[in-house]
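When a residue number appears, it is its place in the shown sequence, counting from 1.
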Amino acid sequence: MSVIDWIVLGATLLAIVTYGIWKSGSNKNIDQYLMSNRSLPWYHVGLSVMATQASAITFLSAPGQAYSDGMRFVQFYFGLPLAMIVLCITFVPIFHRLKVYTAYEFLEQRFDLKTRVLTSFLFLVQRGLSTGITIYAPAIILSIILNINTIYTTLFIGIVVVFYTVYGGTRAVSYTQLLQMSIIFCGMFMAGVVVVKLLPNGVGFVHAVKLAGKLGKMNVIDWRFDPSNRYNIWSGIIGGFFLQLSYFGTDQSQVGRYLTGSSVGQSRLGLIMNGLVKIPMQFCILLIGVLVFAFYQFNRPPMFFNQYEVKQVKQSSYGPQYSSLENQYNQLTEQRKSKANDLVKALDSKDENQITQAQGALKLADKQANTIRQDGIALMKKNNGKADIDDTNYVFLNFVTHYLPRGLIGLLIAIVCLASMGSTASSLNSLASTSVVDIYKRILNPGASEKNYLNASRWATVFWGVVCIAMALYAGQLGNLLEAVNKLGSYVYGTILGVFIVAFYLKRVNATSVFIAAVITEIITCICGYYEVVAYLWLNALGCILLIMIALVVNPFIRQKPVALPGDGF
């Protein structure tokens with residue numbers, strides 16, 4: 001990077017952290033530290049909810065996901081608006097009325113302590129692992145820029161986030177996220193404009209989209225019903241609905257964001273904002289990846305985008321073989337460039353026969369190049385069985401560092417770092433609140449002073465920071481980070497959502513029945529996920545429905561009076 005990029009990167013990160021700490025003020029009790037006194041307006045809530053979900057993984061992995069797999073990942077979010085409606089009607093008013101710190105407090109009032117602890121435990125495990133992945137994403141960037149091992153950059157990113165989260169609490173997180181999302185929107189828009197500007201003369205936005213479509217990248221909607229297919233409209237609406245409902249309704253990292261709203265109405269507006277903006281935002285981010293794919297049809301991409309792994313294989317005994325494959329790959333990409341120009345001319349001519357011929361020739365050239373690329377990946381695996389052979393996380397980063405103008409490179413890299421910091425800070429805050437409120441305050445040390453709980457919250461943040469950093473050091477083995485974080489969530493979100501659905505709507509089901517159902521459901525879900533019985537999005541629906549059915553079957557055999565909270569709409 002140039003000096004200007006370093007200045008932009010450093011100034012942006014420093015300004016965000018300083019601003020957040022300055023706006024946070026002093027925290028005298030856990031209500032201020034964990035809930036920001038429940039005083040934030042709707043736009044704060046909405047942007048904070050979006051920033052928590054839109055981590056660095058979104059801006060780093062999503063373009064790479066579209067580059068390799070097309071636009072179909074956007075279907076993952078099709079269930080989001082429906083989930084926001086259900087949340088606004090059911091979850092938000094109940095949580096606000098009960099004045100809870102965490103979603104799991106409600107479960108003890110509705111069921112019992114063991115149910116509250118079980119769901120808290122499932123959340124802590126899943127969110128702790130997922131947060132480690134969000135820390136790893138920007139560590140990749142710094143490791144490439146500085147040409148050092150990701151271990152050191154992971155430690156640096158993790159320590160910075162832990163510092164300002166421990167100091168400022170929820171208010172620092174919220175104010176930094178407000179500014180972060182504003183910068184992110186502007187930066188990603190500028191990146192999309194620059195990609196189009198870098199296309200060859202005579203090739204515009206429409207040409208790029210049509211060319212990518214001819215190569216199968218504009219696969220926005222897939223109507224085929226296939227439980228083994230990760231992304232189609234059915235898995236998105238049904239599986240995605242259950243995942244989003246569980247994530248936003250029962251995951252403390254999100255519940256904690258809209259509980260900071262000053263009223264039920266403000267929290268609802270924040271969630272509706274998220275439901276309306278998220279799908280177009282994700283579509284645009286994926287579209288940038290498709291445009292980068294089109295750009296590389298006219299320019300020579302690296303055979304493998306993760307240059308660290310390339311360096312490792314080139315320094316091994318397989319180096320000459322890899323270099324030979326690279327030369328073949330470069331020659332084929334030159335041929336592909338010619339075929340891409342032919343397809344653009346055919347599209348302008350609107351001659352269907354000419355378009356079909358040019359499309360077939362470009363597909364063949366692309367397939368030949370990919371075959372050589374796979375041979376290169378095979379050499380990496382021979383050299384190192386633990387090599388990271390999924391380079392989708394590096395596609396957009398490689399483009400940014402090699403083709404964007406000075407200053408914008410620093411801004412885009414700052415955006416990815418900011419997104420990670422915002423999402424990680426929210427997660428650490430939620431992990432601390434769940435640990436202190438649901439376990440420490442409820443079981444280990446009830447009746448202690450506010451200062452004691454405030455200090456415990458800070459120490460819990462430090463503890464989870466260490467755990468998440470440790471997970472981040474392992475994250476490089478998980479492949480595409482965007483899929484990895486959603487897969488982890490799918491293992492537990494269905495079970496937790498099922499518990500809440502029973503709590504809200506099935507007033508005759510008692511605590512022991514739902515606890516037994518939760519344990520059985522989680523075991524079955526993990527087995528189905530491990531053996532890939534269905535695509536991971538369906539695990540969310542499977543877990544929720546299975547828990548409800550088991551609870552209803554077991555309930556008649558368990559003699560226990562169910563508990564219904566007065567005035568809660570049961």
>> Counting only heavy atoms from other residues, nucleotides and ligands, does the tally under 6.0 Å from CD1 of Ile151 exceed 12?
In response: no
> Would you call Val554 and Ile520 a side-chain contact if the rule is heavy atoms closer than 4.5 Å?
Replying inline: no
> Could you state the interatomic distance from OH (Tyr453) to CG (Asn445), rounded to the nearest 0.5 Å?
Replying inline: 5.0 Å
> Can you name the nearest heavy-atom pair linking Thr119 to Tyr104, along with the distance?
Replying inline: OG1-CD2, 3.7 Å
>> If only side-chain N and O atoms count, and only distance matters, is there a donor-acceptor pair under 3.5 Å linking Asn510 with Ser513?
In response: yes
>> Evaluate Val86 against Phe241 for side-chain contact (heavy atoms from CB on, under 4.5 Å), listing each step before the verdict.
In response: CA-CA 10 Å; Val86 173; Phe241 168 76; 4.0 Å; yes
> How many angstroms lie between CH2 in Trp223 and CD in Gln75, if you round to the nearest 0.5 Å?
Replying inline: 9.0 Å
> Are Thr102 and Gln252 linked by a side-chain donor-acceptor pair shorter than 3.5 Å?
Replying inline: no
> Quick one: are Ser435 and Tyr440 in side-chain contact, heavy atoms under 4.5 Å?
Replying inline: no
>> With side-chain contact (heavy atoms from CB on, under 4.5 Å) as the criterion, how do Tyr505 and Ile501 come out once you've worked through the C-alpha distance, each side chain's angles and the decisive distance to 0.1 Å?
In response: CA-CA 6 Å; Tyr505 300 114; Ile501 294 295; 4.0 Å; yes
> Does some side-chain heavy atom of Phe123 sit less than 4.5 Å from a side-chain heavy atom of Leu431?
Replying inline: yes
> Counting only heavy atoms not in Phe189, do more than 12 fall under 6.0 Å of its CZ?
Replying inline: no
> In Å and rounded to the nearest 0.5 Å, what is the CZ to CD distance from Phe95 to Glu105?
Replying inline: 10.0 Å
>> Using only atom types and a distance under 3.5 Å, with no angle test, would you say the side chain of Tyr136 pairs donor to acceptor with the backbone of Thr154?
In response: no
>> Just verifying a value: how many Å separate Leu539 CG and Ile524 CD1, rounded to the nearest 0.5 Å?
In response: 12.0 Å
> Does the side chain of Thr250 come under 3.5 Å of the side chain of Ser246 through a donor N or O and an acceptor N or O?
Replying inline: yes
>> Are Phe76 and Leu243 packed together at the side-chain level, in the sense that at least one heavy-atom pair is separated by less than 4.5 angstrom?
In response: yes
> Hey, would you say the Phe91 and Phe504 ring centroids sit under 6.0 Å apart?
Replying inline: yes
> Looking at Arg224 and Trp234, what are the two nearest heavy atoms and their distance?
Replying inline: O-CD1, 3.7 Å
> Is there a side-chain contact between Ser427 and Trp464 (heavy atoms, below 4.5 Å)?
Replying inline: no
> Is there a side-chain contact (heavy atoms from CB on, under 4.5 Å) between Phe283 and Val220 once you walk through the steps?
Replying inline: CA-CA 9 Å; Phe283 181 91; Val220 178; 4.1 Å; yes
> Side chains of Gln254 and Tyr247: is there a donor and an acceptor less than 3.5 Å apart?
Replying inline: yes
> Taking C-beta and beyond as the side chain, do Pro93 and Arg268 meet within less than 4.5 Å on heavy atoms?
Replying inline: yes
> What closest approach, in Å, do Arg116 and Val437 show between heavy atoms, and which atom pair accounts for it?
Replying inline: NH2-O, 3.0 Å
> Do Leu269 and Val45 have side chains that get closer than 4.5 Å, going by heavy atoms?
Replying inline: no
> How many angstroms lie between atom SG of Cys544 and atom CD1 of Ile496, to the nearest 0.5 angstrom?
Replying inline: 11.5 Å
